[in-house]
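Below is one structure, written out as structure tokens, with a few remarks after it.
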Amino acid sequence: MLPMFFWAFVIGGLISVFGQLMFDVVKLTPAHTMSLLVVIGAILDGFGLYEPLIDFAGAGATIPITSFGNSLVHGALQEAEQHGLVGVLTGMFEITSSGMSAAVIFGFIGALIFKPKG
Amino acid sequence: MGKKKNLTPVQQQYQQLEQKHEIKRPVWKNCLNAFWVGGLICAVGQAITYFYIYFFDFTEQTAGNPTVATMIFISMLLTGFGVYDHIGQFGGAGSAVPVTGFGNSVIAAAIEHRTEGFVLGVGGNMFKLAGSVILFGVFAAFIVALIKTLWTMMGVL
Amino acid sequence: MLTGKQTWQFSNSPVIESWGTSGGPFEAEGKLAADFDVLHDDLWMGQDSYEKAHRVLLEEAIHSALQKGEFQKEEIQFMLAGDLINQITPTSFAARTMAIPYFGLFGACSTSMEGLALASFIINYQGAKKVVTGASSHNAATEKQFRYPTEYGGQKPPTAQWTVTGAGAVVLTDNQDKQGKIVTTSATIGKVVDLGISDPFNMGGAMAPAAADTIISHLQDLHRHPSYYDLIVTGDLGRIGQATTYELLQQAGLEITREQFQDCGLLIYNEDQPVQSGGSGAGCSASVVYGHLLNHMKKGVYRKILVVATGALLSPLSFQQKETIPCIAHAVAIERN
Amino acid sequence: MIQSVNPEPGAVALYEQKNKELAEKVEKDIQSFDAIYDVAVIKGKEETLVAYKVKHLKRFGMKKIEKDINKLLEDHYPNEDFVVSSDYKIFIETIELLERMKDPSFSEKKAEQQLQRVISLKKEMT
């Protein structure tokens with residue numbers, strides 16, 4: 001259990017450092033950086049490399065936004081296995097749905113109860 | 001950046017002069033902060049994952065979903081109480097890359113545009129920052145999954 | 001009277017009769033808090049949107065300027081003002097409240113001096129007896145429009161500047177009794193300069209050439225030595241822009257000292273406030289000049305100052321379309337008789 | 001929270017003595033894997049539940065290890081039905097069940113129910 005925390009910290013931290021280098025060295029905007037990271041996550045899963053990373057680092061790999069790309073691919077592939085090509089379309093949000101719906105729901109609740117502080 | 005070529009000599013000369021006075025981004029410090037802030041957020045995520053594994057019927061595989069939802073909930077509170085933007089200034093990518101940063105971008109936009117009403121303001125602007133992440137995530141995933149499925153079908157893999 | 005290429009001299013010396021400023025909570029913690037007439041402890045200022053709060057800022061600045069000079073708003077012939085928000089609605093809405101015949105100006109952060117130059121011109125040539133002019137900006141409203149939602153955790157680089165929540169306004173009159181009064185004597189209208197900077201987080205660096213260009217033109221047109229002025233103060237160049245402008249002026253062979261050359265964006269906040277490179281926004285030069293600096297002139301600390309307000313004429317759209325940032329600077333000489 | 005991790009892993013079987021022997025044999029087989037450091041085996045009415053923990057640095061190869069285990073079990077015990085999992089949740093549930101089964105008053109029917117619950121957890125993916 002302890003090594004899991006350690007590696008979650010290290011891998012999550014390293015993915016963040018990669019993002020920071022995109023900000024500071026390549027001078028990308030946050031939106032460009034995050035988009036790049038999800039694309040990388042999707043491609044890594046295409047090569048079957050992201051799942052081992054999750055096995056190894058747990059939340060260190062599932063919490064960074066790269067896992068969004070990974071789980072989109074994963075959902076699509078899972079569904080495609082059962083239903084063929086159409087599954088690529090229909091299965092896309094199968095796994096990711098919780099993050100998306102949480103963001104929408106909490107975003108709206110946030111707007112109901114909070115005001116920006118400036 | 002690649003546009004430098006199009007500058008006139010006067011512009012180039014000026015930019016050299018201006019560069020001297022520009023305060024450089026503290027890349028090392030930023031990376032260090034990003035590392036430990038990002039790492040810490042992931043470690044918190046790991047703790048939440050274990051919480052769901054121990055106290056509920058979630059496996060390592062299935063605990064990811066409630067963990068993400070919980071993290072976004074925490075992100076909503078931190079955003080709403082005006083804390084997340086300060087964490088962001090300090091942690092940089094460390095607080096932007098984890099899913100809490102995704103949540104923050106959605107929630108901050110939603111809160112900000114409340115004054116324009118719930119339909120046109122909150123509804124219309126909620127994804128103005130996170131939209132590109134969703135677009136490129138979905139499109140890249142589509143291409144990757146399509147290629148892989150086609151390969152499998154043609155028996156390459 | 002046009003002097004040189006781009007400078008007006010005001011032979012009738014329009015009088016700056018009274019001035020007023022208002023600011024937000026962050027400015028209340030700044031170095032110049034004592035110079036503000038109205039300070040808010042809440043960014044919302046009792047309104048239900050940041051844009052409305054923005055309007056309130058300008059209304060209050062104008063009100064305190066009118067009050068201090070014991071003017072009724074009915075006596076004022078024209079109002080010249082502007083801000084940074086889409087279609088300058090906060091200013092136009094304030095003009096609706098004021099019901100004074102109104103010119104809406106947009107010169108980004110150079111609006112304050114654009115307004116003062118035009119108002120002086122109108123008074124100088126008997127176009128009016130009393131004119132009010134001002135500019136304002138509101139941090140959250142401006143961030144919302146130009147950058148990210150205020151609660152978004154985006155990291156600002158050290159070149160970024162902090163938009164001032166503040167407004168400043170002055171009443172300019174054709175008062176013939178100039179004894180001991182603060183008057184405007186000349187104004188130089190700047191041209192748009194673009195040296196190819198496109199980073200919206202580095203406004204100072206983008207605006208520096210425009211500031212230098214206007215200062216040099218002003219001194220050339222009037223055949224003046226920089227030492228004519230006790231103070232040459234720029235609007236909101238911040239640390240980077242100010243250092244760059246200083247070097248440009250040195251390169252042009254102007255003898256100007258570091259003490260003589262100040263920046264409103266560096267004057268307004270304390271060192272320990274997290275404003276990166278300094279303050280910015282239309283309200284920055286307006287609230288510093290129409291508060292702190294005029295108060296100092298009244299006390300006799302300065303006799304002759306040249307205010308050079310700089311503006312970055314970009315929009316979120318032009319930035320996203322990868323345009324570089326065109327910049328402008330207007331200078332007005334303010335002197336005490 | 002931690003205490004449920006500590007009990008010694010082991011092998012337990014329901015119903016008959018020969019089942020217990022089988023469970024212990026399976027346990028030994030799995031332990032022969034280098035990458036694995038804890039194993040728990042429960043032999044139920046039909047399925048045999050095998051839960052194990054992989055050394056952390058070997059977790060990158062978890063998918064392959066699972067494949068290898070499945071293959072080994074299939075080769076050695078062609079007639080048995082195995083449910084194999086490296087999932088932490090499955091592991092702690094298995095250990096807990098193992099502990100409770102040592103108590104003679106814990107009925108076989110209840111144990112089988114619990115076992116099926118754990119197996120259903122493992123099958124519910126995503």
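These numbers come from a predicted model, not from an experiment. Lettering of chains follows the sequences in order, A, B, ..., and the numbering in each one begins at 1.
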(request) Tell me, please, which residues at least two apart from B:E116 pass salt bridge (Lys or Arg N to Asp or Glu O under 4.0 Å). (result) C:K144
(request) For B:K20, check salt bridge (Lys or Arg N to Asp or Glu O under 4.0 Å) against everything at least two apart and list the hits. (result) C:E247
Counting only non-hydrogen atoms closer than 4.5 Å, does [X] touch chain A with its backbone (N, CA, C, O), its side chain (CB onward), both, or neither?
X	result
B:I143	neither
B:T67	side chain
B:N33	neither

Contacting region of [X] [heavy-atom separation from chain B under 4.5 Å]:
X	value
A:M22	neither
A:D45	backbone
A:L112	both
A:V104	both
A:A61	neither

(request) Specify whether B:F118 and A:F108 have parallel, tilted or perpendicular ring planes, treating 30° as the upper limit for parallel and 60° as the lower limit for perpendicular. (result) perpendicular
(message) Can a donor-acceptor pair be found, under 3.5 Å and without considering hydrogens, that links the side chain of B:Q46 to the backbone of A:A8?
(response) no
(message) So does B:G80 get a backbone contact from the side chain of A:K117, meaning a donor-acceptor N/O pair under 3.5 Å?
(response) yes
(request) Under 4.5 Å, heavy atom to heavy atom: which of residues 30-37 of chain A reach chain B? Give them by number, or say none. (result) A:A31, A:M34, A:S35, A:L37
(request) Would you give the length of the straight line joining atom CG of A:L72 to atom CZ of B:F139, rounded to the nearest 0.5 angstrom? (result) 13.0 Å
Close side-chain approach of [X] to [Y], heavy-atom, < 4.5 Å:
X	Y	value
A:I63	B:I41	yes
B:F35	A:Q20	no
B:L146	A:L85	yes

(request) Kindly state each residue pair satisfying salt bridge (Lys or Arg N to Asp or Glu O under 4.0 Å) with at least one member in residues 60-73 of chain B, sequence neighbours excluded. (result) B:E60-D:R59
(message) Among B:L129, B:T100, B:I134, which residue has the highest count of heavy-atom pairs closer than 4.5 Å to chain A?
(response) B:I134
(request) Tell me, out of B:F81, B:F102, B:W36, who's got the most heavy-atom pairs with chain A below 4.5 Å. (result) B:F81
(message) Just checking A:F68 against B:F136, ring centres under 6.0 Å apart?
(response) no
